[in-house]
Amino acid sequence: MKYDVFISYSRKDTKIADRICAALDKQGISYFIDRRGIGGGMEFPSVLADAILSSQIMLFLGSENSYKSKFTSNEVTFAFNEKPRGSIIPYIIDGSTLPQSLRFTFSSINIRTLEEHPIETTLIQDLCQILDKKNVY
């Protein structure tokens with residue numbers, strides 16, 4: 001299956017991820033998020049890798065929680081190595097500072113923040129522009 005967006009996040013940030021999913025649903029943007037895309041008995045790393053490769057954009061929800069997550073770190077590294085330049089969008093959701101390793105990884109990428117790029121307006125507008133989709137908001 002093809003997706004517009006792969007959402008990389010910490011489960012501790014589910015509340016914000018749910019807001020983003022609701023905005024994507026309203027906009028008609030398809031997305032992969034682990035709790036909807038992985039069924040029982042599925043090979044977790046393989047499913048994640050396939051979903052990342054099958055998505056136009058990876059939306060990384062940066063937070064103190066996600067910086068500590070082995071899964072999000074692996075997802076970002078995999079996407080950085082395997083996806084075309086410009087297909088990763090770091091989106092800081094808690095006002096935190098990116099760790100040094102992620103600052104290095106994202107050094108040439110426009111980093112967005114929840115404060116400066118609210119979900120329902122600016123973030124969705126940015127995604128629509130990148131995906132060449134009409135914005136319904």
Side-chain angles (χ1 to χ4, degrees):
M1 180 169 188
K2 298 276 186 198
Y3 303 97
D4 294 318
V5 178
F6 177 97
I7 302 171
S8 177
Y9 74 110
S10 165
R11 288 272 176 112
K12 293 177 181 175
D13 297 321
T14 296
K15 187 175 178 181
I16 298 269
D18 286 346
R19 278 185 54 205
I20 292 169
C21 290
L24 294 173
D25 286 336
K26 182 175 180 182
Q27 187 62 47
I29 294 174
S30 67
Y31 58 91
F32 177 95
I33 190 162
D34 64 354
R35 64 185 186 274
R36 290 190 191 166
I38 300 177
M42 296 175 88
E43 188 63 34
F44 196 68
S46 178
V47 171
L48 291 175
D50 288 345
I52 290 168
L53 293 175
S54 298
S55 300
Q56 271 189 266
I57 296 171
M58 172 196 252
L59 181 63
F60 170 66
L61 305 187
S63 71
E64 292 293 339
N65 296 320
S66 65
Y67 306 147
K68 296 173 190 165
S69 167
K70 182 179 86 169
F71 288 108
T72 59
S73 176
N74 289 345
E75 291 165 358
V76 167
T77 300
F78 183 76
F80 185 79
N81 289 330
E82 300 291 330
K83 301 287 291 170
R85 185 178 170 104
S87 60
I88 302 173
I89 298 176
Y91 187 62
I92 312 304
I93 60 172
D94 66 354
S96 60
T97 301
L98 283 169
Q100 182 176 341
S101 61
L102 286 175
R103 287 197 314 268
F104 178 80
T105 300
F106 298 145
S107 62
S108 63
I109 298 174
N110 183 19
I111 297 169
R112 294 158 174 86
T113 65
L114 179 63
E115 294 78 23
E116 295 175 6
H117 299 86
I119 294 167
E120 292 81 5
T121 53
T122 313
L123 177 64
I124 292 297
Q125 183 178 2
D126 287 352
L127 292 174
C128 285
Q129 185 175 5
I130 292 166
L131 295 166
D132 198 26
K133 292 187 179 273
K134 186 174 185 204
N135 188 348
V136 299
Y137 275 94

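None of these values were measured; they are calculated from a predicted model. Numbering starts at 1 and runs along the sequence shown.
Heavy atoms only, all atoms of each residue included: Lys133 and Gly28 are closest at NZ-O, 4.3 Å. In terms of heavy-atom proximity, Ser66 sits nearest to Thr72 at O-OG1, 2.6 Å. Nearest heavy atom pair, residue Val76 against residue Met58, reads N-CE, 3.9 Å.
A heavy-atom distance below 4.5 Å is found between the side chains of Leu53 and Glu82. By the 4.5 Å heavy-atom criterion applied to side chains, Ser108 and Arg85 are counted as neighbours. Between Pro90 and Leu102, every side-chain heavy-atom pair lies at or beyond the 4.5 Å cut-off. Looking only at side-chain heavy atoms (C-beta outward), Asp13 and Ile93 come within less than 4.5 Å of each other. Counting only heavy atoms from C-beta outward, the side chains of Cys128 and Ile29 approach each other to under 4.5 Å. No side-chain heavy atom of Leu48 sits less than 4.5 Å from a side-chain heavy atom of Phe78.
Separation of atoms CG (Leu127) and CG (Leu59) is listed at 6.0 Å; rounding is to 0.5 Å. The CG atom of Asp94 sits 5.5 Å away from atom CD of Glu64, with the distance rounded to the nearest 0.5 Å. Between the CD1 atom in Ile130 and the CD atom in Gln125 there is a gap of 11.0 Å [rounded to 0.5 Å]. Leu114 CG to Ile16 CD1: the interatomic distance, rounded to the nearest 0.5 Å, is 5.0 Å. Taking CD1 of Ile92 as the start and CG of Leu61 as the end, the distance is 9.0 Å to the nearest 0.5 Å. Here OG of Ser87 is found 10.0 Å from CD1 of Ile52. Values are rounded to the nearest 0.5 Å.
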Checklist entry - Can you list the steps and then say if Asn110 with Asp126 is a side-chain contact (heavy atoms from CB on, under 4.5 Å)? => result CA-CA 11 Å; Asn110 183 19; Asp126 287 352; 5.9 Å; no
Next on the checklist: Would Tyr9 and Asn65 count as a side chain to side chain donor-acceptor pair (under 3.5 Å) here? Give the steps.
Outcome noted: CA-CA 8 Å; Tyr9 74 110; Asn65 296 320; over 6 Å; no
Checklist entry - Should Ile111 and Arg103 be marked as a side-chain contact (heavy atoms from CB on, under 4.5 Å) after you check the CA-CA gap, both sets of side-chain angles, and the distance that decides it? => result CA-CA 10 Å; Ile111 297 169; Arg103 287 197 314 268; over 6 Å; no
Checklist entry - Should Arg19 and Glu120 be marked as a side-chain contact (heavy atoms from CB on, under 4.5 Å) after you check the CA-CA gap, both sets of side-chain angles, and the distance that decides it? => result CA-CA 9 Å; Arg19 278 185 54 205; Glu120 292 81 5; 3.3 Å; yes
Next on the checklist: For Leu131 and Val5: C-alpha separation, side-chain torsions, deciding distance, then whether side-chain contact (heavy atoms from CB on, under 4.5 Å) applies.
Outcome noted: CA-CA 9 Å; Leu131 295 166; Val5 178; 4.2 Å; yes
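The backbone N or O of Ser55 sits less than 3.5 Å from a side-chain atom of Lys83, completing a donor-acceptor pair. Within the 3.5 Å criterion, the main-chain N or O of Tyr31 finds no donor-acceptor partner in the side chain of Asp4. Between the side chain of Thr14 and the main chain of Arg11, a donor-acceptor pair closer than 3.5 Å is present. Between the side chain of Ser107 and the backbone N or O of Phe104 there is at least one donor-acceptor pair closer than 3.5 Å. Thr105 contributes a side-chain N or O that, together with a main-chain N or O of Ser101, makes up a donor-acceptor pair within less than 3.5 Å. In this structure, Gln27 contributes its side chain and Lys134 its backbone to a donor-acceptor pair below 3.5 Å.
For Gln100, the CD atom is loosely surrounded, since the number of other residues' heavy atoms within 6.0 Å does not exceed 12. More than 12 heavy atoms of other residues, nucleotides or ligands lie within 6.0 Å of CG in Asn81, so this atom counts as buried by the packing criterion. By the 6.0 Å contact criterion, CZ on Phe80 is open, its count of non-hydrogen atoms from other residues, nucleotides or ligands being 12 or less. Within a 6.0 Å sphere centred on CZ of Phe71, heavy atoms belonging to other residues, nucleotides or ligands number 12 at most.
Between Phe32 and Phe6, the ring planes are parallel. Angles under 30° get that label, and only those over 60° would be called perpendicular.
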